[in-house]
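Report on one structure; see the data block that follows.
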Amino acid sequence: MPVALSVNINKVALIRNSRGANRPDLLQIARDLEGYGADGITIHPRPDERHVKYADAYALRDAVCTELNIEGYPSERFLQMVHEVKPAQCTLVPDAPGQLTSDHGWDARSRHEELRGIIEPLQELGIRVSIFLDPDPEQVAFAKMSGTDRIELYTGPYAHEYKIDPVRAVKAYQQTAKAALAAGLGLNAGHDLDLANLQHFVDHVPGLQEVSIGHALISDALYFGLSNTVNMYKSRCVPTSI
Ligand code: PXP
């Protein structure tokens with residue numbers, strides 16, 4: 001089964017915001033990405049709205065025909081917006097306000113009860129919930145206790161280690177993925193995935209359902225164009241027989 005590709009369009013919004021007008025048009029980009037084969041659109045509105053703004057989430061709700069995935073720290077403001085927009089998926093991340101980018105997963109061991117209180121009302125609205133997790137099989141049982149539908153593995157460390165030792169890079173992810181499968185949790189992954197490291201991850205992590213990719217994909221599109229770039233990433237979402 002191919003892994004679904006959800007394209008994170010935060011960096012497109014960052015370019016738009018730098019001039020204050022509507023160029024590039026985020027909604028048109030989202031529609032075009034879907035036309036080129038993206039299986040979903042991800043946005044991560046941060047508290048300072050430096051890239052995707054909260055208002056974009058409402059507009060994208062009506063524009064996206066595939067799956068809209070909204071990521072973020074579950075602040076009161078964020079949760080109110082997600083409750084109103086009702087995306088297909090909401091990915092909860094433990095980011096502090098002002099954080100440059102997500103760089104760690106939840107400590108589900110100490111926070112599963114708190115997470116459960118956030119997750120259940122989202123699920124009651126028909127929203128699938130995923131929580132961002134470090135590649136640590138011991139976190140999986142606690143993630144399960146939170147009631148989440150899926151976990152999203154933080155692939156920053158994988159991307160770093162891949163350049164040094166690809167076999168070792170994927171080990172903790174394989175163990176965590178197996179634990180997730182055994183617990184009946186769905187599996188997503190994201191952060192720092194790119195054209196060089198994506199195929200190896202897809203080939204070696206069992207049960208992977210979705211990757212969300214932004215920074216590298218939008219950067220590659222400067223060279224290859226958006227349509228070609230989506231094709232290149234999509235082809236790496238198909239496991240090679242190994
Ligand atoms: N997943 C989460 C939780 C993120 O915060 C981000 C970055 O916004 C991504 C995935 C995508 O990471 P990248 O932009 O490096 O592809």
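We count ligands from 1, going down the list as the structure has it; atoms in each ligand are counted the same way. Quick caveat, the model's predicted, so the values are computed rather than measured.
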- Item | Test item: side-chain donor near acceptor, Tyr54 and Glu49, under 3.5 Å | no
- Residues in side-chain hydrogen bond (donor to acceptor under 3.5 Å, both in side chains) with Asp32, at least two apart? Gln28
- Task: Would you check ligand 1 and list the protein residues that come within less than 4.0 Å of it by any heavy atom, ordered by chain and number?
- Result: Asn8, His44, Arg46, Glu71, Val93, Ser102, Phe132, Glu152, Gly190, His191, Asp192, Ser212, Ile213, Gly214, His215
- Task: Check whether the side chains of Asn69 and Thr42 place a donor and an acceptor atom closer than 3.5 Å, and report yes or no.
- Result: yes
- Arg61, Arg128, Lys86 screened by salt bridge (Lys or Arg N to Asp or Glu O under 4.0 Å) with Glu67, the one that passes: Arg128
- Under 6.0 Å between ring centres, would you say that holds for Tyr173 and Phe201? yes
- Check: Asp149/Gln89 side-chain N/O donor and acceptor closer than 3.5 Å: no
